[in-house]
**Q** 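Here it is, the structure in full.
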Amino acid sequence: MGSSFFTHLECGNTCGAGPFDPRERHFLCPACGLPLLARYDLKAARSWTKDSLAGREPSMWRYREMLPLLPGDDPVTLGEGFTPLLHARRLGGTLGLDRLFIKDESLNPTNSFKARGQSAAITRARGLGATTIALPTAGNAGNAAAAYSAAAGLKCEVFIPRDAKQPFVDECRLYGANVTLVDGLITDAGKMAAEKGKPLGWYDVSTLKEPYRVEGKKTMGYELAEQFGWTLPDWIIYPTGGGTGLVGMWKAFEELDAIGWLDGKKRPKMVTVQAEGCAPIVRAFEQGTEKAAPWEHATTAADGLRVPRAIGDFLILRAIRESGGTALAVSDRQMIDDMLAIGSHEGVSAAPEGGAALSAIRRLAGDGRIKKHETVVLFNTGGALKYLDVLRAT
Ligand SMILES: *Cc1c(COP(=O)(O)O)cnc(C)c1O
């Protein structure tokens with residue numbers, strides 16, 4: 001493989017530092033401490049054609065020209081991506097929506113869309129000579145990192161809050177990772193991973209502190225465009241923690257526009273959904289600020305949404321605002337009811353995060369903001385199986 005248009009890294013903030021050489025390890029911007037983003041030769045990429053996708057593997061690596069591969073690299077892959085886009089007619093019917101779709105990310109390796117990010121990140125980590133991967137996680141990112149590390153023949157050190165659900169801890173161990181239970185939240189786990197790992201040279205794949213997970217997750221944007229015949233939906237409803245997927249999809253739409261694959265068609269409105277018990281992005285959106293203050297005493301059954309502070313907050317807020325979207329918080333009660341609504345109407349296994357996306361659609365359709373004929377994509381970011389305790393508790 002090879003033939004990617006990947007050229008360099010640069011600061012994703014207005015500081016604009018760079019270019020940085022991707023043949024060396026880079027994490028946050030050395031000038032301002034904010035995330036770095038991968039850049040491609042978009043002029044050269046205009047020679048790439050949609051026809052070339054025909055017959056390619058049904059995984060996210062079908063878009064390898066716009067993924068961070070260097071000459072000689074082979075992806076670390078378990079078949080992630082190219083997940084079904086289901087027309088949810090029965091569920092849509094209950095909401096008065098003709099064109100509700102579910103992007104079912106639960107069918108990825110390790111049961112969530114975290115697989116996409118880790119496939120890209122661990123591909124680069126291996127290319128850069130890493131021997132040990134480390135990360136803090138609420139659960140799914142750790143499972144994916146453990147699996148892709150195993151596939152790449154690397155060691156994996158996972159730092160997870162002590163109160164995380166047991167299946168997440170067990171699955172890390174299944175893939176041979178070493179698990180450290182941390183008192184506190186994912187932010188505390190992140191501090192511990194960095195302190196322990198720095199002197200040992202561990203390669204830290206924390207969300208957006210490492211520039212390649214977002215590249216894997218952006219493929220959700222490429223896929224939506226391809227699956228909708230190179231048009232985009234009116235609305236994307238995305239349960240947001242660290243925000244990598246939302247930031248990634250917005251980046252994907254910019255890239256697709258730049259290489260001429262979207263004919264200047266209108267971009268979707270991006271909607272962030274968070275839990276009432278942890279909604280820093282929603283609060284910042286409502287207050288009109290550029291960054292989000294940390295959320296105190298974060299609690300929610302949706303582990304992926306229990307992120308009190310996101311380093312990419314300004315990128316999330318920028319994408320929501322540029323798109324004309326919005327941000328809203330839903331209760332745990334409602335999101336668990338909506339896991340069941342997705343399951344019972346569509347036969348799809350939804351994590352509480354996926355349930356939360358439905359709760360948001362319910363409200364936006366009820367308020368008349370989403371119209372009957374509009375095309376809406378609900379991101380079911382993970383499956384229900386690791387969260388079944390929340391169903392039993394109801
Ligand atoms: C991590 C996670 C999220 C949040 O994703 P971000 O891209 O970090 O915002 C949502 N849902 C599930 C199931 C997750 O595992």
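Fair warning: this is a prediction, and the values are worked out from it, not measured in the lab. Counting starts at 1 for both ligands and their atoms, following the listed order.
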**Q** Using 30° and 60° as the class boundaries, would you call the ring planes of Trp48 and Phe5 parallel, tilted or perpendicular?
**A**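 Ring orientation, 0 to 90° scale: tilted.
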
**Q** Is the closest side-chain heavy-atom distance between Tyr238 and Met270 below 4.5 Å?
**A**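 No, too far: nothing below the 4.5 Å cut-off.
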
**Q** What residues sit with at least one heavy atom under 4.0 Å from ligand 1?
**A**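 Heavy-atom contacts below 4.0 Å: Phe113, Lys114, Asn140, Lys217, Tyr238, Pro239, Thr240, Gly241, Gly242, Gly243, Thr244, Gly245, Gly304, Glu353, Thr381, Gly382, Tyr387.
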
**Q** What distance do Arg64 atom CZ and Asp73 atom CG have between them, rounded to the nearest 0.5 Å?
**A**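 Those atoms lie 13.0 Å apart.
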
**Q** Ring centroid separation for Tyr222 and Phe82, is it under 6.0 angstrom?
**A**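 So the answer is no for these two rings.
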
**Q** Quick check for you: to the nearest 0.5 Å, what is the distance between Leu246 atom CG and Ile320 atom CD1?
**A**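 It comes to 6.0 Å.
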
**Q** For Phe379 and Phe113, I'd like to know if the aromatic rings sit close, meaning centre-to-centre distance below 6.0 Å.
**A**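 Between Phe379 and Phe113, the centre distance exceeds or equals 6.0 Å.
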
